[in-house]
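Structure first, then comments.
A, B, ... follow the sequence lines: proteins, then strands. Residue 1 opens every chain.
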Amino acid sequence: MVHYFSYYWIYSPMRASQFLIATQKETPADAEVISHQLMLRAGLIRRLASGLYTWLPMGLRSIRKVERIVREELDAAGAQELLMPAVQPAELWQESGRWQQYGPELLRLKDRHQRDFCVGPTHEEVITDMMRKEVRSYKSLPMNFYQIQTKFRDEVRPRFGVMRSREFIMKDAYSFHLDQQSLQQTYDTMHLAYSHIFTRLGLNFRAVRADSGSIGGDASQEFHVLAQSGEDDIAFSNDPSSHFAANIETAEAMLPKAPRAAPSKAMKMVHTPDQKTIQSVCEFLGLAATQSLKTLVVLGHEDDNGQQPLVALVLRGDHTMNEIKVEKHPLIASPLTMAPEQRIVDELNTTPGSIGPVGLSISIIADRCATVMSDFTAGANLPGYHHTNLNWERDCDYTQVADIRNVVEGDPSPCGHGNIEIKRGIEVGHIFQLGDKYSQAMNATVLNENGKPQFMQMGCYGIGITRIIAAAIEQNFDENGIMWPLALAPFEVALIPLNYEKSAVVRETTDALYRDFKDAGIDVIMDDRAMRPGVKFADAELIGIPHRIVIGDRGIDSGTLEYRDRRAVANEDLPLTEALDFVKAKLGHRQ
RNA sequence: CGGGGCGUAGCGCAGCUUGGUAGCGCACCUGCCUGGGGGGCAGGUGGUCGGAGGUUCAAAUCCUCUCGUCCCGACCA
């Protein structure tokens, strides 16, 4: 159906000899995570400056594939695409208050007239401004807009290649509604659309409840790709019937089901010279950390006199404090500050490392788990001494109970089913109900049924396009290179002729195949480079092309080609005449 | 912003301690051989040693400043 004029044919960019294949044998010294290393080695990206990357032709092809899927699913979900400027006027950011709030992550600049601008890290202000100017009536709502744009966040420490870069491509969407109910509907639709997108991309992902921050409500979810190198810890239930998943920052640590055991031993004070950490005390006394209680002293919320009283937090020795939970506690100062050592000495007459609940005069907030301990060990509020066999009520007390620790594997799941499991995740998507935060700050209203202006409700929804590429690689690689999910592969099929230069049969067979594949709409690259076979194989594997067909004199004689799946260990022979149909079948689910 | 490492050819590195003609492997170019898993032989191209200043007859090497970059931490979401 497609006609190739000879010069198109010869210079076709899908011929490896005409395409920039920038593979490298050696791993650049400054790449730490596997995706970064492989993206550099496979010639997908090149670093321009810290956190800035050029997408080479090979890498761009994968980006385009992600974008295409994202567009298809968002269009299907009823969103409309638009494109907003990357550079934004400061006025809008001043109006929303974020010009002050955002800090140095916001790249600010001045134009030739000395007017302030920024390079957009996100586009809430611009879209809200657009909507308040364009839409008057509630009848126009709801509406949902998206764009695929380059964003810039001046990260303190860019790292891991495009995983945390400063400039990146993001799909962001913003929905507008008359009321919360409509917002909820679109939010749910977007949740579904995101699930479709990540499923089609072939990623192993989880939708995870996230910290809704200062805005409130529970309407914020992150989509994480599960991978070792992830920067976030995700807690979820190991019960297959449960959908519970939460960022570890927000996962609730439940009260253990087993009740507190009765005291069985008498309290004792023991000398523990120079033992200041839970670990060393427990080793010294030959106890398990689970039998010890740790006491942390932090600054409390300011009282009427502007003083910050000391507050003690007690946790089971092997548990760790969750700063986000602690900061939200009404008795605690925010941001969280550990008590200066001098105040502990002055007010508690002891030193850090020997603090305990017995006779402590300040407020004591006990973690739920700490309250069911019995016969436990804790500091004796006397430097160099600990109490053993302590028991609540009998020997000491706490003022309040709260959830102040991080969940650990094996904890009961908050959903009531199964136990907590923890895995690392890479955040690739985030959906959020903004409410009227921006519409109020920027006075974006529509007239409601009663003819009265009413602030629009907003939702926002992001997907890190470039980050998805890195995340996909983190999840799909082996010692030879990338193993792309089909939907993301820069090319679907690699045709590798051997001795293409000299063997007329090989050349003719390959050219014919190549043309057939292209005519069938398959993303095929033909490696016509005058290279030794080993080099071509290694490149195809490094780049991670899912399907490979080798054309050699040997096979042609017997009417066969060699096929190999990137994830398979062995070749299979393929009748020459069936090659196209065979590959089409393999690609079947693509269209 | 604090701590640490590193800047020498496109990539990976040696040389610096003890100053004296800038090297190795890969890549690249030419020729021949080879031709189903990063091949061999021979000959080549390519570097103001991150930059500036200083010490010295002489600086990749010593001193001062500076820039870049990576890691850890803090910060941010």
Side-chain angles (χ1 to χ4, degrees), chain A residues 20-33 36-37 40-43 46-54 56 98 101-107 121-122 124 151 153-161 163-166 168 170 172 208 210-215 220-222 224 231-232 247 249-250 323-324 335-338 425-432 460 462 464 467 479-481 494 496-503 506 527 529-543 548-557 560-564 569-571 573:
Chain A
L20 179 61
I21 296 185
T23 53
Q24 291 179 324
K25 208 180 288 188
E26 297 190 79
T27 303
D30 52 7
E32 213 202 344
V33 296
H36 190 195
Q37 293 173 359
L40 256 9
R41 287 227 291 136
R46 286 291 181 264
R47 195 188 69 92
L48 211 217
S50 177
L52 302 178
Y53 291 86
T54 293
L56 301 180
R98 286 160 107 192
Q101 258 176 43
Y102 221 91
E105 255 192 20
L106 184 63
L107 179 64
T122 175
E124 280 86 2
K151 313 269 188 188
R153 290 183 192 167
D154 201 351
E155 291 283 346
V156 187
R157 187 146 85 82
R159 60 188 135 171
F160 305 151
M163 202 116 94
R164 183 169 288 273
S165 53
R166 294 196 290 177
F168 56 97
M170 183 171 168
D172 48 328
V208 161
D211 183 20
S212 50
S214 51
I215 298 169
S220 169
Q221 275 165 298
E222 295 168 349
H224 283 261
E231 294 186 88
D232 295 288
N247 195 307
E249 294 171 346
T250 66
E323 294 191 21
I324 292 184
L336 180 68
T337 317
M338 299 301 289
I426 301 166
E427 184 186 343
V428 291
H430 198 161
I431 57 177
F432 208 105
C460 77
R467 185 182 275 187
E479 65 280 5
N480 295 318
I496 301 189
L498 303 179
N499 206 15
Y500 184 85
E501 306 294 290
K502 293 186 185 159
S503 165
V506 167
D527 198 343
R529 295 177 301 171
M531 300 264 192
R532 298 177 66 82
V535 177
K536 297 186 186 183
F537 296 153
D539 276 352
E541 279 158 14
L542 213 209
I543 294 164
R548 178 181 91 186
I549 290 177
V550 178
I551 304 102
D553 284 305
R554 211 194 277 165
I556 293 174
D557 287 344
T560 60
L561 303 170
E562 252 172 49
Y563 166 80
R564 176 117 147 215
V569 281
N571 297 328
D573 282 336

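Spacing of C1' atoms, B:C63 relative to B:C72, comes out at 29 Å, to the nearest Å. Comparing the P positions of B:G46 and B:G10 gives an interatomic distance of 12 Å, to the nearest angstrom. The gap from the P atom of B:U18 to that of B:G2 amounts to 31 Å, rounded to the nearest Å. Comparing B:A52 with B:G5, their P atoms sit 25 Å apart, to the nearest whole Å. Using atom P as the reference point in both B:C33 and B:C6, the two lie 48 Å apart (nearest Å). Taking atom P in both B:G50 and B:A59, one finds a spacing of 15 Å when rounded to whole Å.
A donor and an acceptor atom, one from each side chain of A:D573 and A:T560, are nowhere located under 3.5 Å apart.
In this structure, CG of A:D527 is placed 13 Å from C1' of B:G37, rounded to the nearest angstrom. In this structure, A:D557 atom CG and B:G36 atom C1' are separated by 14 Å, rounded to whole Å. Protein atom CD1 of A:I21 is 13 Å distant from nucleotide atom P of B:C28, rounded to whole Å. Here the C1' atom of nucleotide B:C71 and the NE2 atom of A:H36 are 14 Å apart, to the nearest Å. With rounding to whole Å, A:D573 atom CG is found 16 Å from B:G36 atom P. Atom CG in A:L542 sits roughly 18 Å away from atom P in B:G37 (whole-Å rounding). The nearest whole Å value for the distance from the CG atom in A:L561 to the P atom in B:G36 is 17 Å. Nucleotide B:G37 holds its P atom 11 Å from the CD atom of A:E562, rounded to whole Å.
Here A:R564 lies in heavy-atom contact (under 4.0 Å) with a base. Using a 4.0 Å heavy-atom distance criterion, A:E427 is classed as making no nucleic acid contact. Across all strands shown, A:R98 has no heavy atoms under 4.0 Å from either base or sugar-phosphate atoms. Base contact: A:A538 has a heavy atom under 4.0 Å from a base atom. If you check every strand for non-hydrogen atoms under 4.0 Å, A:K502 touches a base.
Not a single donor-acceptor contact under 3.5 angstrom links the side-chain atoms of A:Q24 to the base of B:G10. For a distance-only test at 3.5 Å, the side chain of A:R159 fails to qualify as a donor-acceptor partner of the base of B:G73. Put simply, the side chain of A:R532 and the base of B:G35 share no donor and acceptor less than 3.5 Å apart. Applying the 3.5 Å distance criterion, the base of B:G36 shares no donor-acceptor pair with the side chain of A:N499. Interface remark: the A:R47 side chain does not form any donor-acceptor pair with the B:U69 base, using a distance-only criterion of under 3.5 Å.
Of the candidates B:U34, B:A27, B:C70, the closest approach to any side-chain atom of A:K25 belongs to B:A27. Closest approach to the A:D30 side chain among B:C72, B:G37, B:U69 is made by B:U69 (side chain taken as heavy atoms from C-beta onward). Closest to the side chain of A:E541, from the set B:A74, B:G35, B:G37, is B:G37. Considering only side-chain atoms of A:V550, the nucleotide from B:G35, B:C75, B:G36 that sits closest is B:G36. Of all nucleotides listed (B:G12, B:G36, B:C75), B:G36 comes nearest to the side chain of A:N571. Side-chain proximity of A:D232 to the nucleotides B:C26, B:C75, B:A77 is greatest for B:A77. In this structure, the nucleotide among B:G36, B:A77, B:G12 sitting nearest to the side chain of A:E249 is B:A77.
Remark: B:G19 base-pairs with no nucleotide in the shown strands. Criterion, Watson-Crick or G-U wobble with two distances under 3.5 Å. Look at B:G25: its Watson-Crick or wobble partner, with both distances under 3.5 angstrom, is B:C11. If you check B:G68 for Watson-Crick or wobble pairing at under 3.5 angstrom, you find it paired to B:C6. Of the nucleotides present, none pairs with B:G38 by Watson-Crick or G-U wobble criteria with both distances under 3.5 Å.
Comparing A:P533 and A:T27 by the nucleotide of RNA chain B whose heavy atom lies nearest to each, the residue mapping closer to the 5' end is A:T27. Ranked by how close their nearest RNA chain B nucleotide is to the 5' end, A:E323 and A:E32 are led by A:E32.
Between the side chain of A:R46 and the backbone N or O of A:L40, at least one donor-acceptor pair lies under 3.5 Å. The backbone N or O of A:E427 lies less than 3.5 Å from a partner atom in the side chain of A:R467, making a donor-acceptor pair. With hydrogens and angles disregarded, no donor-acceptor distance shorter than 3.5 Å links the side chain of A:E541 to the backbone of A:G481. Within the 3.5 Å criterion, the main-chain N or O of A:P497 finds a donor-acceptor partner in the side chain of A:K536. A donor-acceptor distance shorter than 3.5 angstrom exists from the side chain of A:R166 to the backbone of A:S50, with no hydrogens or angles considered.
One finds a side-chain N or O of A:R157 lying less than 4.0 angstrom from the OP1 or OP2 phosphate oxygen of B:C72. Put simply, A:S50 has a side-chain N or O that comes within less than 4.0 Å of OP1 or OP2 on B:C70.
With a 6.0 Å cutoff to the six-membered ring centre and a 45° limit on the axis angle, A:R548 counts as a cation-pi contact of A:F537.
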